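Computed from a predicted structure; not experimentally measured.
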Amino acid sequence: MRIYKKNFILGLIIILIVTMVIGCTPKPENTNEVPAPTKGTEKYPLELIDGAGNKVIIDKKPDRIVSAAPSNTEILFGLGLGDKIVGVTSYCDYPSEAKSKPQIGDLFTPNIEKIIELQPDIVINAWSINEEMKRQLEEAGIKVVTYAPESISQVIDTIEKIGNLTDSDSEAKKITEEMKRKQNEIVEKVKDAER
């Protein structure tokens, strides 16, 4: 009888412990549910003012980009976005990978029909696309932003802005910080030189 009682009590204790362990174990999350975005983490839609002073709203992260200027092509490749570039001008030859991209015409006379055919999300322009061409692209649902830097500080600013609109901010920061470091190094070396 005593052995039976001991086993019964021991059995109750084991059941109690197992119940507590199961009850306290966190339940697996429902993998079918899409987590709600944390407030402030959604970048898009992104409203910006481009280098020409135009207000542009970028609805989503650009996956297909046409670069209508060699300088912007170089920036895009520098940001690690070569795989997102779907079109460049015939003048875009750096880096060498740019030469393998579909061409949209030369810097001064881009082919609007070719650009539309490439179905980009965005065209990054440097004055080669006039207002009429821009209107045609926008009517086709293609965003156009213009950046045409003319100084080192404007180049740095353009890299940061293109980095922002393509969600490549950290890559842009690395490039611009290195540029600023080199610029400061050169300024320091020549500060006492005769002008």
Side-chain angles (χ1 to χ4, degrees), residues 34-89 91-95 97-98 101-102 104 107 110 112 115-116 118-131 133-187:
V34 177
T38 308
K39 192 173 183 180
T41 60
E42 287 297 310
K43 183 168 198 149
Y44 301 93
L46 175 68
E47 185 178 305
L48 58 88
I49 305 295
D50 72 4
N54 300 312
K55 179 175 149 183
V56 184
I57 297 172
I58 310 296
D59 301 313
K60 65 183 182 74
K61 183 176 179 175
D63 285 322
R64 298 178 62 80
I65 304 169
V66 164
S67 174
S71 57
N72 293 330
T73 300
E74 187 174 343
I75 289 170
L76 289 165
F77 272 100
L79 293 171
L81 299 170
D83 61 327
K84 295 190 183 295
I85 301 171
V86 296
V88 297
T89 72
Y91 290 10
C92 297
D93 60 2
Y94 185 85
E97 295 90 343
K101 297 290 182 180
I104 59 161
L107 181 62
I112 295 303
I115 295 173
I116 293 170
L118 292 169
Q119 299 180 325
D121 301 313
I122 192 167
V123 173
I124 302 180
N125 176 39
W127 310 118
S128 54
I129 293 174
N130 62 38
E131 285 303 311
M133 292 174 170
K134 184 178 171 198
R135 184 190 60 73
Q136 290 174 359
L137 291 171
E138 288 173 344
E139 283 178 359
I142 301 166
K143 303 290 181 176
V144 179
V145 294
T146 300
Y147 293 107
E150 295 177 352
S151 67
I152 293 173
S153 62
Q154 287 178 0
V155 169
I156 289 170
D157 185 58
T158 297
I159 292 169
E160 289 171 346
K161 287 183 174 169
I162 292 176
N164 182 44
L165 75 90
T166 58
D167 198 23
S168 307
D169 303 88
S170 60
E171 292 83 355
K173 187 176 181 185
K174 285 178 200 167
I175 294 168
T176 56
E177 283 182 351
E178 178 61 14
M179 287 178 73
K180 289 173 190 172
R181 186 192 66 73
K182 284 183 180 176
Q183 183 183 19
N184 291 338
E185 190 179 286
I186 292 165
V187 168

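Between the side chains of Asn72 and Ser67, no donor-acceptor pair is found at a separation under 3.5 Å. Judged purely by distance below 3.5 Å, without hydrogens or angles, the side chains of Asn164 and Lys43 pair a donor atom with an acceptor atom.
Between Asp169 and Lys173, no side-chain nitrogen of the basic residue sits less than 4.0 Å from a carboxylate oxygen of the acidic one, so the salt-bridge criterion is not met.
Asp167 pairs by the side-chain hydrogen bond (donor to acceptor under 3.5 Å, both in side chains) definition with nothing, not counting sequence neighbours. When the salt bridge (Lys or Arg N to Asp or Glu O under 4.0 Å) test is applied to Glu97, no partner is found at least two apart in sequence or on another chain.
The number of heavy-atom neighbours closer than 6.0 Å to OH of Tyr94, taken from other residues, nucleotides and ligands shown, is 12 or below. Within 6.0 Å of the NZ atom in Lys60, the count of heavy atoms belonging to other residues, nucleotides or ligands exceeds 12. At most 12 non-hydrogen atoms from other residues, nucleotides or ligands lie less than 6.0 angstrom from CD of Glu150. Surrounding CG of Leu48 are more than 12 heavy atoms belonging to other residues, nucleotides or ligands, all under 6.0 Å away.
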Could you walk me through whether Arg135 and Glu131 pass the salt bridge (Lys or Arg N to Asp or Glu O under 4.0 Å) test, one step at a time? CA-CA 6 Å; Arg135 184 190 60 73; Glu131 285 303 311; over 6 Å; no

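Between Ile142 and Ile122 the shortest side-chain heavy-atom distance does not fall below 4.5 Å. Side-chain atoms of Lys143 and Val123, non-hydrogen and from C-beta on, never get closer than 4.5 Å to each other.
In terms of modelled atom types and a separation under 3.5 Å, the side chain of Asp50 and the main chain of Thr146 share a donor-acceptor contact.
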